[in-house]
Amino acid sequence: MPALTRELIALRVARELEPRTVVNLGIGLPTLVAGFVDPADQILFQAENGILGYAGVSDADYDPDLINAGGQPVDLVPGASFFDTATSFAMIRGGHVDVAVLGGLQVSAHGDLANWFVPERGGGSVGGAMDLAVGARKLIVAMAHVTRDGASRIVAECDYPLTAARCVDVIITDLAVIDVSANGLTLRETAPGVSADEIVAATGAPLAVPADIPEMRL
Amino acid sequence: MPALTRELIALRVARELEPRTVVNLGIGLPTLVAGFVDPADQILFQAENGILGYAGVSDADYDPDLINAGGQPVDLVPGASFFDTATSFAMIRGGHVDVAVLGGLQVSAHGDLANWFVPERGGGSVGGAMDLAVGARKLIVAMAHVTRDGASRIVAECDYPLTAARCVDVIITDLAVIDVSANGLTLRETAPGVSADEIVAATGAPLAVPADIPEMRL
Amino acid sequence: MPRRLCRQRCAVPVIARYDPRMVAQVFATPDAAVAGIGDGATVMVGGFISAGSPSNLIRALVRSGPTGLTAVANNIGLGDLLDELCEHRQLARVIATFAIRASGGRTSRFEQQYRAGEVELELVPQGTLIERIRAGGAGLGGVLTRTGLGTIVAEDKRIIEIDGEQWLLERPLRADVALLKASRADTLGNLEYRLAGINFNPVMATAADLVIAEVEEIVEAGEITPERVGTPAVFVDRIVACPPIPVRWEG
Amino acid sequence: MPRRLCRQRCAVPVIARYDPRMVAQVFATPDAAVAGIGDGATVMVGGFISAGSPSNLIRALVRSGPTGLTAVANNIGLGDLLDELCEHRQLARVIATFAIRASGGRTSRFEQQYRAGEVELELVPQGTLIERIRAGGAGLGGVLTRTGLGTIVAEDKRIIEIDGEQWLLERPLRADVALLKASRADTLGNLEYRLAGINFNPVMATAADLVIAEVEEIVEAGEITPERVGTPAVFVDRIVACPPIPVRWEG
């Protein structure tokens, strides 16, 4: 089954972002999204460590004071600003960030997210994930649809420790775009060359499949 | 009975301030204190509206953005800083202001303070007084010893609405300096030409009078 | 999935359609900038006496005429432009720290209407007022403070005991609209403050559904030093440049 | 009258005599600046990964050798200088948001000691960590947040219900010492931050009994623009100028 690369998942996430919104990108795959937005859309990226308006990972000389929340050097857009962590999380927790894009370990049929603690490793790091999951106005989870062992990351109930309950709005994976609502999961798009049946089979929770599911535009 | 002028009360308060401390001056009489400190003492005055390091009321052209918490134009010392109201009250409530000097309507034998609501007028304004009374590390109340009608402002129990309970450390009036402790009130100094007996008579709460009370140094 | 958090709306939604935009809209006049504020709105007003006070926006609100307003501000009184909202009895309720002079003498229109029972007043200690607004803007459930304990401020409020210590629970405050004043804005909506003009403005910017700022000058994005931005653009919806109205307070 | 509020002291007072002074003391070396931090101290460390990290002070603390420390910091991990405190097992406890890599591979000394049960770890969501520190510094009794509700972060913690909504009560955090990094200081102790080097530094400055800042340059009072002061002098006790140590994080 042909699955999207990490870069193509990031591209598909970028297509989900509306112009002139404020977007926070989590560490890992979500960080790649900054490279795929159209600058004309004037999307402002927010970083938990206190930046509004960074423009993706930088090629410039490394400045230790100019990094995103994952520690990567970044460039700025004109009109960027810096602020302390208290202001940054007032922004996040207070509902001022339009969209957060986070990685995921598991997402449940109710939109519960688990993305910070790996039981097999006996640990993890929470960072700003819990605040983003609770505070962002829209939460997109970008992740591989199944684990390396083939188990679905989309499950009836998370068995990993939660990041937050009922917080996910959209799941974008290497196989599909899935909307999450109070009624459960609905398939919205398929990856090129992947059938709805294959997606249902790879999904560990009930998945509504409307007629005429379009293929992703990439 | 010779009583101190407002200016002399302010001067005596200024003598009470230690070098290199951070001091907040309330509206009214306390504001006069800034004019009586020695600049060499490097006392930094804090204003609730978000200044650390103003130097007293200004003679300069009126700048509406450069005022103290009473609305008076002020000058700055080198090294002054501006900050928002949340930071200003984190400073006050968090115990970072060494001394607050507030006016008073009544102080009780337990160090309760009433200074914001005048029952006869049926109103008042609270401003930052309650936060200062709770948060400053030392609270000096500067006021007239008795009302215009001759009633003592130092009382067994306040009958005016409180600003805060058990908050006053020192009372400086036109007649005396009085220390407040868990054991009650103790006369420390008399105004020039005023006897301890006269002060006891003008005080509506038990007042301990040690031997050899010195006269104020002015 | 409907967000459980997000912006907590006020009881009376007054902006018919609020289009959330990262890029602030620039308006030509204060009157245009305050358009759409309807009867019954809760309006936060930045500033501390004469410093950082959005005088042009207040006067525009007087001219536009909505009534039944709740004003949240540090002060309302003599020589304070907010008092002009009392001329046509636009205020139903005021939440403030300074509102009634402790000494006698001349009284403001607000004080006259308050004494006549025509307008309600909730006096809030300054440090509590700013924390309540901050909680409203930062998605926090309340404020736990010692300020006001044992006073009439604590009446009818919940006391939370933690490890044997008592804390007064104060509730978050939000508004439909915030009127702010800054020194400069850029075209994205970043605000830069000057001297003691900061005060309540940055925190109020976080706690209203519609944030309108008057500034002395609007510059291109990038012209304000990033570390000098006092209110990041995400919080600001409308900006208007106009000469400040100087005001001398009479307490 | 003994103040009921004032600075809430930690259980273990480690600075023998802390002389509160508005004017910061200038020290010649990082080693001199950290003198007096004893065994069992709680130490807040500003910075976020490489930005605004007081690397010189951390290395001085490693050299000075106190043990049984509790560190409060955003991150401890590979390529993070705080991990050097694990070389001589100086840490008893860490309160942080990033401490264990979610993915495998090389592990930090901290992670090895944590897995061996030699050091305790309290993982705190970032927004909750900063608010807990802010509450500790601002004289507030706690934080009411939705963050962590329904997760293991809420285990054994008190839930406060307000108007039918649930809020997690998180407790204030204070420290004996805060180690900070700023770009410049003036001789009074005002600190100016640069770019994203701000992060945890200004809030930690409010929440420790002894606040020590390393800066790249110390200038005369008045040389930092008053509106650019990120931490007012009242919060700062000791300053030292030294070239920053650049660090590349490996997560």
Side-chain angles (χ1 to χ4, degrees), chain A residues 27-28 47-51 54 62-74 76 80-94 103 105 112-118 120-135 158 161-167, chain D residues 47-53 55 74-75 77 79-80 96-104 111 114-115 121 123-131 133-134 145-153 181 183 193-204 230-231 244-251:
Chain A
I27 294 174
E48 297 96 294
N49 56 319
I51 312 180
Y54 72 89
Y62 183 64
D63 184 326
D65 285 334
L66 188 50
I67 56 167
N68 65 16
Q72 300 167 306
V74 292
L76 298 178
S81 57
F82 298 103
F83 33 85
D84 76 350
T85 311
T87 302
S88 185
F89 280 87
M91 212 178 265
I92 290 169
R93 206 191 305 98
L105 296 167
D112 298 348
L113 171 65
N115 83 340
W116 70 283
F117 191 97
V118 186
E120 300 92 79
R121 251 182 82 63
S125 283
V126 62
M130 286 194 181
D131 297 285
L132 285 161
V134 165
C158 297
L162 292 191
T163 305
R166 292 162 202 276
C167 57
Chain D
F48 194 117
I49 307 181
S50 65
S53 175
S55 304
N74 179 62
N75 51 280
D80 174 337
T97 84
F98 284 103
I100 306 286
R101 285 159 74 112
S103 54
E111 185 172 341
Y114 169 70
R115 293 194 185 284
L121 171 63
L123 270 185
V124 181
Q126 222 159 55
T128 298
L129 182 61
I130 193 70
E131 281 298 317
I133 298 167
R134 183 174 183 276
T145 181
R146 286 193 175 90
T147 302
L149 276 181
T151 77
I152 58 177
V153 163
K181 162 74 165 65
S183 172
Y193 301 100
R194 174 178 172 274
L195 305 176
I198 310 173
N199 57 69
F200 282 75
N201 287 296
V203 174
M204 285 184 172
T231 291
I245 301 174
V247 175
R248 208 180 249 283
W249 202 52
E250 300 163 53

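Protein chains get the first letters and strands the later ones, always in sequence-line order, with residue 1 at the start of each. Please read these numbers as outputs of a predicted model, since none were measured by experiment.
- A:Asp63 has its side chain within reach of D:Arg194: a pair of non-hydrogen atoms, C-beta onward, lies under 4.5 Å apart.
- Within the model, atoms CD1 of D:Ile130 and OG1 of A:Thr87 stand 9.0 Å from one another, a figure rounded to the nearest 0.5 Å.
- Between chain A and the residues D:Asn74, D:Thr128, D:Val203, D:Thr151, the largest count of heavy-atom pairs under 4.5 Å involves D:Thr151.
- The main-chain N or O of D:Phe48 is never found under 3.5 Å from a side-chain atom of A:Asn49 such that the two would form a donor-acceptor pair.
- A distance of 8.0 Å separates OG in A:Ser125 from CG in D:Leu121, rounded to the nearest 0.5 Å.
- Between D:Thr145 and A:Phe89 there is no side-chain heavy-atom pair separated by less than 4.5 Å.
- Using a 4.5 Å cut-off on side-chain heavy atoms (C-beta onward), D:Thr97 and A:Trp116 make no contact.
- When all heavy atoms of D:Asn199 and A:Thr85 are compared, the closest pair comes out as C-OG1, 2.9 Å.
- When side chains are defined from C-beta on, D:Asn201 does not count as touching A:Asp84, because their heavy atoms never get closer than 4.5 Å.
- Minimum interatomic distance between A:Ala86 and D:Arg134 (heavy atoms only, all atoms of both residues): CB-CD, 4.5 Å.
- Across all non-hydrogen atoms, the minimal contact from D:Ile152 to A:Pro161 is CD1-CB, 4.1 Å.
- Nearest heavy atom pair, residue D:Ser50 against residue A:Pro64, reads OG-O, 2.7 Å.
- For D:Leu195, the parts lying near chain A are the backbone and the side chain together; criterion is any non-hydrogen pair under 4.5 Å.
- D:Pro125 touches chain A through backbone and side chain together, each having a heavy atom under 4.5 Å away.
- Residue A:Ser81 does not touch chain D at all, counting heavy-atom pairs closer than 4.5 Å.
- The closest donor-acceptor contact from the side chain of A:Arg93 to the backbone of D:Gly127 lies under 3.5 Å.
- Considering all non-hydrogen atoms of both residues, A:Asp131 and D:Gln126 come closest at OD2-N, 3.7 Å.
- Considering only heavy-atom pairs separated by less than 4.5 Å from chain A, the leading option among D:Glu131, D:Arg115, D:Glu111 is D:Arg115.
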